[in-house]
S.K.: 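Would you mind keeping the following structure in view while I ask a few things?
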Amino acid sequence: AGTASAQLKTSDAIKFRQSGYGFMAWNMGKLKGMLVDNPASFNKEQAMAAANAVQAVANSGMGALYVPGSDKGKGWAETRVKPELFTDKEGVGKVAMAFNKEANELAKVAATGDAAALKVQFGKVGESCKACHDKFRKEDD
């Protein structure tokens with residue numbers, strides 16, 4: 001991954017990051033629809049598909065897309081990553097590991113078909129997303 005990411009243009013690295021997070025957000029939105037907004041619409045297969053997509057992106061090695069200089073610039077839109085993401089290795093590692101753990105658990109719980117348990121785990125994934133956003137992402141202007 002190191003060699004592949006070294007050949008990436010900064011704008012491409014940002015674009016790929018934004019695409020991955022956008023895809024995860026879409027799948028989290030599908031889960032929210034089934035678990036929070038309209039629980040009567042719960043569909044185990046669709047929940048599993050969404051949870052598996054979140055898990056796949058979480059474990060895809062997106063950290064390699066945080067190439068030097070990509071704290072500024074534009075992919076699909078201007079990046080919102082804070083410069084601290086590139087200097088706080090311990091903090092980044094902590095939030096990344098927590099997110100991966102919760103995303104992996106999300107897929108496991110989705111496979112059971114237990115909507116109530118999945119709703120709880122969905123909340124944990126959301127909390128892990130928020131922990132990273134709070135520390136390492138700028139808000140929209």
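Just so it is clear, the structure is predicted and the values come from calculations on it, not from any experiment.
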S.K.: If you take all heavy atoms of S41 and G33, which pair is closest and at what distance?
M.R.: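 Looking at all heavy atoms of both residues, the closest pair is OG-O, 3.8 Å.
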
S.K.: Is there side-chain contact between F86 and V92, with at least one heavy-atom pair below 4.5 Å?
M.R.: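 Answer no - side chains too far apart.
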
S.K.: Tell me which pairs pass side chain to side chain donor-acceptor pair (under 3.5 Å) where either residue lies in residues 11-20, with sequence neighbours left out.
M.R.: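 Of all non-adjacent pairs touching residues 11-20, those that pass side chain to side chain donor-acceptor pair (under 3.5 Å) are R17-S70, R17-T79, S19-W76.
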
S.K.: If hydrophobic clusters are built by linking Ile, Leu, Val, Met, Phe, Trp and Tyr wherever their side-chain heavy atoms come under 4.5 Å apart, do V95 and M97 end up in the same one?
M.R.: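 No.
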
S.K.: Might you point out which heavy atoms bring L31 and A50 nearest each other, and give the distance in Å?
M.R.: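 So the minimum-distance heavy-atom pair works out to CG-CB, 3.8 Å.
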
S.K.: Test your reading of the model: is there a side-chain donor-acceptor pair from N27 to the backbone of F23, 3.5 Å cut-off?
M.R.: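 Yes.
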
S.K.: Without swapping roles, check the side chain of K44 against the backbone of A110 for a donor-acceptor pair under 3.5 Å.
M.R.: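 No; judged by distance alone, with no hydrogens or angles, the pair does not exist.
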
S.K.: Determine whether more than 12 heavy atoms belonging to other residues, nucleotides or ligands lie under 6.0 Å from atom NZ of K72.
M.R.: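 Open: at most 12 neighbouring heavy atoms sit under 6.0 Å from NZ of K72.
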
S.K.: Any idea which heavy atoms bring V67 and A13 closest together, and the distance?
M.R.: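 Smallest interatomic distance, heavy atoms only, reads CG2-CB, 3.8 Å.
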
S.K.: Within this structure, what is the CG-CE distance for the pair L118 and M48, rounded to the nearest 0.5 Å?
M.R.: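 Between L118 CG and M48 CE, I get 11.0 Å after rounding to 0.5 Å.
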
S.K.: Side-chain contact test, heavy atoms from C-beta onward, threshold under 4.5 Å: evaluate it for F122 versus M28 and give yes or no.
M.R.: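 Touching, per the 4.5 Å side-chain cut-off.
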
S.K.: Could you list the residues that satisfy side-chain hydrogen bond (donor to acceptor under 3.5 Å, both in side chains) with Q55, not counting sequence neighbours?
M.R.: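 Listed in chain order: N104.
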
S.K.: What do you reckon, is NZ of K101 surrounded by more than 12 foreign heavy atoms closer than 6.0 Å?
M.R.: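 No, because the 6.0 Å sphere around NZ of K101 holds 12 heavy atoms or fewer from other groups.
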
S.K.: The criterion is side-chain hydrogen bond (donor to acceptor under 3.5 Å, both in side chains); which residues satisfy it with D71, sequence neighbours excluded?
M.R.: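 With neighbours one apart ignored, the set is empty.
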
S.K.: Would you name the heavy atoms of P68 and T10 that are closest together and state the gap between them?
M.R.: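 So the minimum-distance heavy-atom pair works out to O-OG1, 4.2 Å.
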
S.K.: Please check if V120 and L35 belong to a single hydrophobic cluster, counting links between Ile, Leu, Val, Met, Phe, Trp and Tyr side chain heavy atoms closer than 4.5 Å.
M.R.: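 No, V120 does not connect to L35 through the hydrophobic network.
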
S.K.: What's the shortest heavy-atom distance between G91 and K135, and which atoms?
M.R.: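 Smallest interatomic distance, heavy atoms only, reads CA-NZ, 4.2 Å.
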
S.K.: Checking side-chain contact (heavy atoms from CB on, under 4.5 Å) for the pair K119/V36: CA distance, chi angles, key distance, verdict?
M.R.: CA-CA 7 Å; K119 183 177 178 182; V36 178; 4.3 Å; yes

S.K.: Taking all heavy atoms of A47 and all of F42, pick out the closest pair and write down the distance.
M.R.: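 Of all heavy-atom pairs spanning A47 and F42, the closest is CB-CE1, 3.7 Å.
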
S.K.: To the closest 0.5 Å, what do you measure between OG (S60) and CG (L65)?
M.R.: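 Atom-to-atom, S60:OG and L65:CG are 7.5 Å apart.
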
S.K.: Do F99 and C132 have side chains that approach each other closer than 4.5 Å (heavy atoms only, starting at C-beta)?
M.R.: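 No, side chains not in contact.
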
S.K.: Please identify each residue that fulfils side chain to side chain contact (heavy atoms under 4.5 Å, CB included) with Q121, with sequence neighbours left out.
M.R.: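 Checked Q121 against side chain to side chain contact (heavy atoms under 4.5 Å, CB included); matches are E102, E105, L106, V109, K124, V125.
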
S.K.: Looking at residues at least two apart in the chain, or sitting in another chain, which of them share a salt bridge (charged side-chain N to carboxylate O under 4.0 Å, His left out) with R137?
M.R.: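 For R137 there are no salt bridge (charged side-chain N to carboxylate O under 4.0 Å, His left out) partners, ignoring immediate neighbours.
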
S.K.: Can you list the residues that meet the side chain to side chain contact (heavy atoms under 4.5 Å, CB included) rule with Q46, with sequence neighbours excluded?
M.R.: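 Side chain to side chain contact (heavy atoms under 4.5 Å, CB included) check on Q46 returns M34, N43.
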
S.K.: Hydrophobic clustering (ILVMFWY, side-chain heavy atoms < 4.5 Å, transitive) - are I14 and Y66 grouped together?
M.R.: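 Not linked; separate clusters.
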
S.K.: Is there a path of hydrophobic side-chain contacts, each under 4.5 Å between heavy atoms of I/L/V/M/F/W/Y residues, joining M62 to W26?
M.R.: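 W26 clusters together with M62.
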
S.K.: Are F136 and D88 side-chain neighbours, meaning at least one heavy-atom pair lies under 4.5 Å?
M.R.: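 Yes, close enough: below the 4.5 Å cut-off.
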
